Amino acid sequence: GGTPQLTPGQQITVSAQGFRPADGETVDVGATNVYFHLLPAVFPSTASDVAGSVANYTLTVPDCISAGSHKLVLVGEKTLVAISFAFTTK
């Protein structure tokens, strides 16, 4: 498929792999082109599992999101592995 089109307030679930396995790694979650009071959007951090994966991370698309192209980005704090998911909004 193509790039998904999401709507403000929509709840989504993502999974990603390639982070530090075994002891887990804190994974920070943010989005591009999404701002809260002029600050970039940041969502609660999560942790990778023993396989280096983040599974079933759920978040809500912010109500204040502007129309256009965006990326949800998960970044491992230790490995700096960055995995992004492109999406658009109306």
Side-chain angles (χ1 to χ4, degrees):
T3 303
Q5 185 172 57
L6 306 178
T7 57
Q10 181 177 350
Q11 191 172 63
I12 62 170
T13 302
V14 298
S15 296
Q17 56 189 10
F19 302 103
R20 185 173 172 165
D23 62 348
E25 170 176 34
T26 299
V27 178
D28 297 321
V29 183
T32 61
N33 300 327
V34 182
Y35 297 92
F36 296 114
H37 308 289
L38 303 178
L39 298 174
V42 176
F43 300 95
S45 295
T46 187
S48 62
D49 62 18
V50 296
S53 299
V54 170
N56 300 316
Y57 180 85
T58 302
L59 61 96
T60 301
V61 177
D63 289 330
C64 64
I65 196 168
S66 60
S69 297
H70 307 277
K71 285 185 183 178
L72 178 67
V73 183
L74 286 72
V75 180
E77 287 187 353
K78 294 177 184 172
T79 59
L80 299 181
V81 167
I83 299 172
S84 62
F85 299 90
F87 66 96
T88 62
T89 54
K90 268 188 176 178

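Given the structure is predicted, the values throughout are model-derived calculations rather than measurements.
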How close do [X] and [Y] get, counting heavy atoms only, and between which atoms?
| X | Y | result |
| --- | --- | --- |
| Pro21 | Ala51 | CB-C, 3.8 Å |
| Thr60 | Phe43 | O-CE2, 3.7 Å |
| Ala82 | Val75 | CB-CG2, 4.0 Å |
| Val29 | Pro44 | CG2-O, 3.9 Å |

| query | So, the side chain of Glu25 versus the backbone of Phe19: is there a donor-acceptor pair under 3.5 Å, distance only? | reply |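 No.
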Side chain to side chain donor-acceptor pair (under 3.5 Å) partners for [X], two or more places apart:
| X | answer |
| --- | --- |
| Thr89 | His70 |
| Glu77 | none |
| Ser53 | none |
| Ser45 | Asp28 |

What pairs of donor and acceptor atoms, side-chain ones from residues 10-18 against any protein atom, are under 3.5 angstrom apart with sequence neighbours left out?
unit_1	atom_1	unit_2	atom_2	d
Gln10	OE1	Thr7	N	3.0
Gln10	OE1	Thr7	OG1	3.4
Thr13	OG1	Thr58	OG1	3.1
Ser15	OG	Asn56	N	3.0

(message) So, taking the atom named NZ in Lys71 and the one named CD1 in Ile83, what distance separates them when rounded to the nearest 0.5 Å?
(response)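 Answer rounded to 0.5 Å: 13.0 Å.
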So do the side chains of [X] and [Y] get within less than 4.5 Å of each other, counting heavy atoms only?
| X | Y | value |
| --- | --- | --- |
| Phe85 | Leu74 | yes |
| Ile65 | Phe87 | yes |
| Ser69 | Thr88 | yes |

